[in-house]
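This one's a predicted model, so the numbers in the text were calculated from it and none came from an experiment. Hydrogens, waters and symmetry mates are skipped; everything else that's a heavy atom, side chains included, is used.
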Amino acid sequence: MEDNLITDEAKRFKAFRQAEKMTQQDMGDLIGKTKSFVNKIEHGHLRLSIDEVKTLHVKKRMSYEWFYHGSGNRIHQAKDENLVKVTTDLKNEIDLLRQKLQQHDESIVKIYRDFYGKK
């Protein structure tokens, strides 16, 4: 890699570190490297290995897609988290609709009884 080549990954790595309010030393400690190593990555002299990117994904939820391609959100949001929320919301809505349906059924029975005078 050429000296001083600022790659998109280097820019995103630095942006991620800053967004997480981490110093270069903090980031180095997190990925098991030195502050100097982090500085070299941010300046495009070195690239992160897949293991270091994986560490950031696991420990800080950094999105692979965002880091490598610059698309999506910086923080990975697991689809399962969305699925749990959607499922819970749907269950609550179904429970509410069942209650309303039961109330309507009871109202219809009352109207029928009142109309025909039957108990």
Side-chain angles (χ1 to χ4, degrees):
M1 183 180 272
E2 293 180 33
D3 286 348
N4 296 322
L5 175 64
I6 305 296
T7 66
D8 290 339
E9 289 176 11
K11 290 176 187 177
R12 285 191 288 273
F13 176 75
K14 184 175 183 177
F16 185 84
R17 177 183 64 78
Q18 291 174 332
E20 293 293 312
K21 298 183 181 1
M22 297 175 73
T23 65
Q24 287 183 340
Q25 184 65 52
D26 295 335
M27 182 60 80
D29 292 344
L30 182 71
I31 63 174
K33 300 293 180 181
T34 64
K35 175 183 174 184
S36 174
F37 181 85
V38 171
N39 186 280
K40 288 176 183 176
I41 292 171
E42 290 183 358
H43 286 90
H45 299 294
L46 295 174
R47 291 185 73 186
L48 283 174
S49 72
I50 187 67
D51 289 335
E52 292 153 353
V53 174
K54 182 178 179 182
T55 297
L56 290 172
H57 174 76
V58 170
K59 291 185 177 181
K60 288 291 190 174
R61 296 182 50 194
M62 183 177 77
S63 166
Y64 290 117
E65 183 178 351
W66 175 82
F67 180 72
Y68 286 116
H69 306 289
S71 60
N73 294 322
R74 176 178 55 84
I75 299 296
H76 172 73
Q77 183 157 359
K79 292 179 183 176
D80 290 345
E81 291 173 10
N82 290 337
L83 183 60
V84 169
K85 182 184 181 327
V86 168
T87 302
T88 302
D89 290 348
L90 285 173
K91 183 192 177 304
N92 291 339
E93 191 171 334
I94 288 169
D95 289 344
L96 182 62
L97 290 171
R98 281 186 178 143
Q99 273 183 332
K100 288 182 178 182
L101 183 59
Q102 184 177 356
Q103 289 171 351
H104 284 107
D105 285 350
E106 290 169 0
S107 296
I108 290 171
V109 168
K110 184 182 181 316
I111 290 169
Y112 177 81
R113 286 182 182 155
D114 289 348
F115 184 76
Y116 288 106
K118 297 181 180 181
K119 290 189 178 187

inquiry  = Run the salt bridge (charged side-chain N to carboxylate O under 4.0 Å, His left out) test against Lys100 and tell me which residues pass, sequence neighbours left out.
reply    =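 Salt bridge (charged side-chain N to carboxylate O under 4.0 Å, His left out) list for Lys100, sorted by chain: empty.
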
task = Step by step, work out the side-chain contact (heavy atoms from CB on, under 4.5 Å) result for Leu30 and Met27.
result = CA-CA 5 Å; Leu30 182 71; Met27 182 60 80; 4.2 Å; yes

query = If only atom types and distance count, is the side chain of Asp26 paired as donor or acceptor with the main-chain N or O of Thr23 below 3.5 Å?
reply =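 Here the side-chain-to-backbone pair exists.
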
inquiry  = Main chain of Ile75, side chain of Arg61: is a donor-acceptor contact present, judged purely on distance under 3.5 Å?
reply    =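 No, because the side chain of Arg61 does not come within donor-acceptor range (under 3.5 Å) of the backbone of Ile75.
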
Interatomic spacing from [atom1] in [X] to [atom2] in [Y] - rounded to 0.5 Å:
X      : Y      : atom1 : atom2 : value
Leu101 : Glu106 : CG    : CD    : 10.0 Å
Leu48  : Met62  : CG    : CE    : 7.0 Å
Arg12  : Thr7   : CZ    : OG1   : 8.0 Å
Thr87  : Asn92  : OG1   : CG    : 11.0 Å
Ile41  : His43  : CD1   : NE2   : 12.0 Å
His104 : Leu97  : NE2   : CG    : 10.5 Å

request  = Please check if Val109 and Tyr116 belong to a single hydrophobic cluster, counting links between Ile, Leu, Val, Met, Phe, Trp and Tyr side chain heavy atoms closer than 4.5 Å.
outcome  =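 No, it is not one cluster - the side chains of Val109 and Tyr116 are not joined through contacts under 4.5 Å.
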
key: Val38 reachable from Ile50 in the ILVMFWY side-chain graph, under 4.5 Å edges   =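 Yes.
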
key: Neighbour count >12 (heavy atoms, 6.0 Å) for atom CG, Asn73   =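 Result for CG/Asn73: open.
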
More than 12 heavy atoms from other groups under 6.0 Å of CD on Glu93 =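 Counting neighbours around CD of Glu93, 12 or fewer heavy atoms of other residues, nucleotides or ligands fall under 6.0 Å, so no.
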
message = Assess the residue pair Leu56 and Phe67 against the criterion (side-chain contact (heavy atoms from CB on, under 4.5 Å)); give the C-alpha distance rounded to whole Å, side-chain angles, the decisive distance to 0.1 Å, and a yes or no.
response = CA-CA 10 Å; Leu56 290 172; Phe67 180 72; 6.0 Å; no

message = If we check side-chain contact (heavy atoms from CB on, under 4.5 Å) with Phe37, which of these qualifies: Glu42, Glu52, Gln24, His45?
response =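 Testing Phe37 for a side-chain contact (heavy atoms from CB on, under 4.5 Å) against Glu42, Glu52, Gln24, His45 leaves exactly one candidate, Glu52.
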
request  = Could you walk me through whether Gln99 and Asp95 pass side-chain hydrogen bond (donor to acceptor under 3.5 Å, both in side chains), step by step?
outcome  = CA-CA 6 Å; Gln99 273 183 332; Asp95 289 344; over 6 Å; no

request  = Using distance alone, with no hydrogens and no angle criterion, decide if Ser36 and Asn39 have a side-chain donor and acceptor under 3.5 Å apart.
outcome  =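 Judged by distance alone, the side chains do not pair up.
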
task = Quick one: sort the His57 and Tyr64 rings into parallel, tilted or perpendicular, breaks at 30° and 60°.
result =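 It falls in the parallel class, under 30°.
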
query = Quick one: ring pair (Phe, Tyr, Trp, His ring centres under 6.0 Å) partners of His69, sequence neighbours excluded?
reply =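 Ring pair (Phe, Tyr, Trp, His ring centres under 6.0 Å) check on His69 returns nothing, list empty.
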
